[in-house]
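Worksheet: one structure, shown below.
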Protein chains: 2
Amino acid sequence: MSLERAGHTVTGVATVAAARTALSATDTIDLALVDWMLPGGSGLELVRSLRKEEQTRRLPIIMLTARAEEEDISAGLDAGADDYISKPFSPKELVSRINALLRRTRDQLAISDALQVGSLFLNPQSHRVYTNELEVPLGHTEFKLLRCFMMHPERVFSRDQLLDQVWGNDTYIGERTVDVHILRLRKSLKPAKVDKMLETVRGAGYRLRATTDDSSH
Amino acid sequence: MSLERAGHTVTGVATVAAARTALSATDTIDLALVDWMLPGGSGLELVRSLRKEEQTRRLPIIMLTARAEEEDISAGLDAGADDYISKPFSPKELVSRINALLRRTRDQLAISDALQVGSLFLNPQSHRVYTNELEVPLGHTEFKLLRCFMMHPERVFSRDQLLDQVWGNDTYIGERTVDVHILRLRKSLKPAKVDKMLETVRGAGYRLRATTDDSSH
DNA sequence: TGAGATTATGACAGCTCAGTGACAAGAGGT
DNA sequence: ACCTCTTGTCACTGAGCTGTCATAATCTCA
């Protein structure tokens, strides 16, 4: 309740398995609040495994622990948690720690490095896309679209998700518009012969293939 | 241990006096990590005095504080600390903040040197810009603008960022003003035929191309 | 194979964004 | 006081980007 009053959207899950499902199902989770003791596996294990997987490696994590003992804290931080809160804690403290962590990670994301998928290179700093020594000219929307795909190669994005990620989750734009921008992105990628990397997943959305090689026959 | 694992060499001292000794004895200290509470004087005092002496005026300082209260933070920053970390913090956070601060100060140190991008030369000392044996006359604003671009070639600066960097982050000036100064800078660069280096990145801002060669047709 | 659903493509009108010239206010020098 | 250079703002223009739609192409399943 405190978090929602602070403007956050909260999804609660009861088990480690449910947490994994929620995390892999959506891409809209900005931060995880993990209890030390959880049914179906310890929170520590969950944190450790989240840090191993590429998709959740940078996910900000705050651990909740009942005991504020030194060894617990360092174990949690070693496992990969970014911060911890020991019970009992005030709602105010929780909110301010979450906001602080979100602020920190937002800054870090801004310094993100160049992306590479196959022979495709995207540099967020210079706002440029290269492939095979050739610069790919892109409009702003196509750039963000490609960046979204390159941050999560091999992952299928639905049109809805792309609208959220690229256009922002408060815009009301027809889903078919995404098709057109995919088309334009493919056209721009065609001279470099990497347009086939953007695959259509019928009934689901689009996906960027991680490998450049063409295994389509 | 985390810092040494990250490639840093760490020297620990127990008192304010020992810190002063270490700092004046060697010239190899790149950054100071100062606790708020110290034996033999508060960390705040130490920071304040370090800022007074010429030898340590530019030393990057990070403060450690147990309480994340607003007043402490602003007091530390007012005293002259460049950043602060509130306990508890993760080793990862410590390392990344230290690296970030070192990166920042390294950039600043470069200000004293002459800058070169392609055939463009900018001398901060003499406040002059040369290219192809030709001096480029610039107003003060255009000079700072160009310096900003030359310190980070290939990087896209939004109008907002340029207003922060060139005008200062407390001025309230219309974003379109940046356009006009870009225009004037281009006009000044035109006689030397390097005006094409300043590229417009639609929807994002402006960028200085690192290479002089013109691949625009 | 054929109906139905889904996606690709070309065209287009609207709109956003950057380029540009003009202008007034201010700073600094004479 | 006058002049000159610099600087911030504005209005206008045009190029390029974007969202939408109609239609063609393609795929799926019965």
Side-chain angles (χ1 to χ4, degrees), chain A residues 127 129 135-149 156-191 195-209 216-217, chain B residues 127-129 135-149 156-190 195-209 216-217:
Chain A
H127 232 262
V129 176
E135 183 167 355
V136 181
L138 290 178
H140 197 223
T141 309
E142 278 87 52
F143 181 84
K144 284 190 289 186
L145 195 56
L146 180 59
R147 185 180 58 186
C148 181
F149 280 115
V156 175
F157 288 92
S158 72
R159 291 175 175 73
D160 245 341
Q161 290 174 318
L162 289 173
L163 283 176
D164 278 7
Q165 296 279 321
V166 176
W167 279 263
N169 46 13
D170 52 352
T171 48
Y172 302 97
I173 287 177
E175 284 202 342
R176 304 275 104 217
T177 297
V178 177
D179 297 25
V180 181
H181 281 278
I182 290 283
L183 172 73
R184 288 169 181 158
L185 182 50
R186 281 183 177 144
K187 265 185 184 160
S188 302
L189 292 174
K190 190 129 192 175
D195 56 311
K196 296 289 170 55
M197 287 175 73
L198 252 187
E199 298 175 321
T200 304
V201 182
R202 196 180 171 85
Y206 298 93
R207 172 182 55 198
L208 182 71
R209 191 169 17 175
S216 64
H217 44 255
Chain B
H127 231 258
R128 283 190 165 148
V129 177
E135 182 168 354
V136 181
L138 290 178
H140 192 227
T141 310
E142 277 87 50
F143 180 83
K144 284 192 289 185
L145 194 58
L146 181 59
R147 185 181 63 185
C148 180
F149 280 115
V156 172
F157 289 91
S158 70
R159 292 175 175 72
D160 244 341
Q161 291 173 317
L162 289 173
L163 283 177
D164 278 7
Q165 297 281 321
V166 176
W167 279 264
N169 46 13
D170 52 352
T171 48
Y172 302 98
I173 286 177
E175 285 202 341
R176 313 311 326 280
T177 297
V178 176
D179 297 26
V180 181
H181 282 276
I182 290 283
L183 173 73
R184 288 166 181 160
L185 182 50
R186 281 184 177 143
K187 266 183 184 163
S188 303
L189 293 174
K190 191 130 192 174
D195 55 311
K196 296 289 172 57
M197 288 175 72
L198 252 187
E199 297 176 320
T200 304
V201 183
R202 196 183 169 86
Y206 296 93
R207 172 182 56 198
L208 183 71
R209 190 169 10 173
S216 65
H217 44 252

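Chain naming here is simple, since letters A, B, ... match the order of the sequence lines and numbering starts at 1 in each. Basis for what follows: all heavy atoms, side chains included, without hydrogens, waters or symmetry-related copies.
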Measure CG/B:Asp179 against C1'/C:dA18 and give the value in whole Å, please. 6 Å
Single hit among A:Thr141, A:Leu138, A:Asp195 for side chain to side chain contact (heavy atoms under 4.5 Å, CB included) with A:Leu185: A:Leu138
Is B:Phe143 touching bases, backbone alone, or none of the nucleic acid, heavy atoms closer than 4.0 Å? nothing
Could you check which of C:dT16, D:dT9, C:dT7 has an atom nearest any side-chain atom of B:Ile173? D:dT9
To the nearest angstrom, how far is B:Glu199 atom CD from C:dA18 atom P? 15 Å
To the nearest Å, give me how far apart CG (B:Leu198) and P (C:dT20) are. 12 Å
Taking the side chain as everything from C-beta on, heavy atoms only, tell me whether A:His140 gets closer than 4.5 Å to A:His127. yes
With a 4.0 Å cutoff (strictly under), does any side-chain N or O of A:Trp167 reach OP1 or OP2 of D:dG19? yes
Using a cut-off of strictly less than 4.0 Å, decide whether B:Tyr206 has a side-chain nitrogen or oxygen near OP1 or OP2 of C:dG19. yes
As a test of reading the structure: which of D:dG16, D:dT18, D:dT7 is closest to the side chain of B:Glu142, going by heavy atoms? D:dT7
So which one's nearest nucleotide on DNA chain D is more toward 5', A:His140 or B:Val180? B:Val180
Over how many whole Å does the gap from B:Leu183 atom CG to D:dT9 atom P extend? 16 Å
Using whole Å, what does the distance between atom C1' of nucleotide D:dC17 and atom NE2 of A:His181 come to? 8 Å
Judged by nearest nucleotide, the residue sitting upstream toward the 5' end of DNA chain D, A:Leu138 or A:Gly174, is A:Leu138
Upstream residue (5' side of DNA chain C) when B:Arg184 and A:Arg186 are each assigned their closest nucleotide: A:Arg186
Position toward the 5' end of DNA chain C (nearest nucleotide), A:Lys187 or A:Gly203: A:Gly203
Rounded to the Å, how far apart are A:Ile182 CD1 and C:dA8 P? 8 Å
Quick one: label B:Glu175 by what it contacts on the DNA or RNA (base, sugar-phosphate, nothing), any heavy atom closer than 4.0 Å. nothing
Should B:Arg176 be listed as having a side-chain N or O under 4.0 Å from OP1 or OP2 of D:dA11? no
Do A:Tyr206 and A:Asp179 come within less than 4.5 Å of each other through their side chains, counting heavy atoms only? yes
Can you tell me how far P of D:dT7 sits from NZ of B:Lys144, to the nearest Å? 9 Å
From CD (B:Glu175) to OG (B:Ser158), nearest 0.5 Å: 7.0 Å
Rounded distance (Å) that lies between atom P of D:dT20 and atom CZ of A:Arg159: 14 Å
Below 4.0 angstrom from OP1 or OP2 of D:dT9, is there any side-chain N or O of B:Thr177? yes
Given side chains that start at C-beta, do those of A:Arg186 and A:Thr200 come closer than 4.5 Å, heavy atoms only? yes
